[in-house]
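It should be emphasised that the depicted structure is a prediction, and the values quoted were computed from it without experimental measurement. Remember, it's 1-based here, ligands and their atoms both numbered in the order they're listed. Hydrogens, waters and symmetry mates play no part in the numbers below; they use all other heavy atoms, side chains included.
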Amino acid sequence: MKKLLSKIVSVGLIFCMTGAMAGCSKSEETTKATTAADTTAADTTAGDSSAADTTAAAEKFTVQEGKLIMATNAFFQPYEYYQGDKIVGIDAEIAEALAKKLGLELQIMDVEFDSIIAGVQNNKYDFGMAGMTVTDTRKKAVNFTTTYATGIQAIIVKEGSEIVDIDTLLGGNYKVGVQQGTTGDIYMSAEPDDGGVGESRIVRYSKGPDAVLALSTGKVDAVVIDNEPAKSFVAANEGLKILETPFTVEDYAMCVNKDNTVLLDKLNAALKELTDDGTIASIIEKYIPSNG
Ligand code: ARG
């Protein structure tokens with residue numbers, strides 16, 4: 001388990017072409033405001049205007065032309081966090097590299113984690129990238145790109161806590177802090193028969209650091225959150241430690257509106273190039289040194 005945890009991020013990528021064909025037809029459906037006056041003369045200009053349409057359709061794959069708007073929740077070091085007023089981290093850097101490949105200007109929006117998927121569905125953002133785990137439920141709402149990293153859920157407790165493993169956590173009457181809407185929330189709020197502690201023992205916070213503060217101040221007995229952010233919270237707060245949990249390894253991916261398979265395909269293609277040339281691995285290595 002220890003080994004697994006220290007190897008939390010791997011870059012084994014499996015490329016799939018999900019929805020590639022469906023995407024082509026969608027992009028073609030540009031609405032053209034044809035003027036009535038042109039209707040009879042349409043034949044002579046048909047070639048030009050359809051060429052123009054194709055270009056317009058090809059360009060219109062982001063919410064705002066020329067921009068790539070990413071939604072994240074920037075309290076999740078080393079994936080996204082503030083350095084001064086700039087959002088940096090693995091996700092921020094990968095997104096920057098992707099935007100560059102696509103010739104777009106990246107704009108990062110820091111929002112509540114549990115509003116990211118709805119915002120992507122409503123075309124408020126082009127994509128969500130937030131150390132976001134691919135789950136079957138989420139897959140019903142959005143499309144996910146190829147996985148670019150993996151994570152594991154960890155339990156943070158106070159040093160000297162009587163909680164020593166997942167069984168003591170589940171078995172006792174302990175309160176568990178989670179970030180609202182995360183997989184930690186989903187796993188832990190499941191009823192005891194389904195492997196969680198149940199609703200009555202869950203306390204939800206809008207940001208990971210708020211859950212950790214609640215642990216430090218004794219409002220909850222444990223926090224369940226992704227392992228790499230857990231490490232950074234423990235490093236930044238005295239008197240906390242991480243227990244390893246037997247939870248499954250999770251895949252992180254970007255989420256995209258289900259109708260926007262053009263963007264999905266472009267992100268996947270760019271991600272593949274950045275993986276093949278070693279960019280993704282070096283960004284991850286920069287934030288999570290493999291010998292560190
Ligand atoms: N991996 C977890 C999930 O997808 C937590 C992600 C939280 N991300 C964040 N940027 N706060 O549910």
* **R138 to ligand 1, any heavy atom closer than 4.0 Å** => yes
* Asked: Does the side chain to side chain donor-acceptor pair (under 3.5 Å) test come out yes or no for E93 and Y287, once each step is laid out?
  -> CA-CA 10 Å; E93 278 200 35; Y287 288 93; 2.7 Å; yes
* Considering only protein heavy atoms, which is closest to atom 11 (N) of ligand 1, and at what distance to one decimal place? -> Q179 OE1, 3.0 Å
* Would F113 count as a contact of ligand 1 if the rule is a heavy atom under 4.0 Å away? -> yes
* Going by atom types only, do Q121 and N257 share a side-chain donor-acceptor pair under 3.5 Å? -> no
* Atom indices of ligand 1, in the order listed, that fall short of 4.0 Å to a heavy atom of D226 -> 1 (N), 2 (C), 5 (C)
* Asked: Under the criterion side chain to side chain contact (heavy atoms under 4.5 Å, CB included), which of T168, V224, I163 is the partner of L243?
  -> I163
* Asked: Hey, is Y252 touching ligand 1 through its side chain, its backbone, both or neither, going by heavy atoms under 4.0 Å?
  -> side chain
* **Atoms of ligand 1, numbered as shown, that sit under 4.0 Å from any heavy atom of T182** => 5 (C), 7 (C), 12 (O)
* Which residue holds the protein heavy atom closest to atom 10 (N) of ligand 1, what is that atom called, and what is the gap in Å? -> N73 O, 2.8 Å
* Asked: At under 4.0 Å between heavy atoms, which part of K207 makes contact with ligand 1: side chain, backbone, both or neither?
  -> neither
* Give a yes or no on whether a salt bridge exists between D276 and K272, defined as a side-chain N under 4.0 angstrom from a carboxylate O. => yes
* To do: Carefully, step by step, assess E250 and Q153 under the rule side-chain contact (heavy atoms from CB on, under 4.5 Å).
  => CA-CA 8 Å; E250 303 179 335; Q153 293 300 306; 3.1 Å; yes
* Test item, G131 contacting ligand 1 (heavy atom, 4.0 angstrom) -> yes
* Asked: So do T72 and Y125 actually touch side chain to side chain, heavy atoms under 4.5 Å?
  -> no
* Asked: Would you say ligand 1 has an N or O under 3.5 Å from any N or O of A130?
  -> yes
* Could you tell me whether the side chains of D110 and Y82 share a donor-acceptor contact shorter than 3.5 Å? => yes
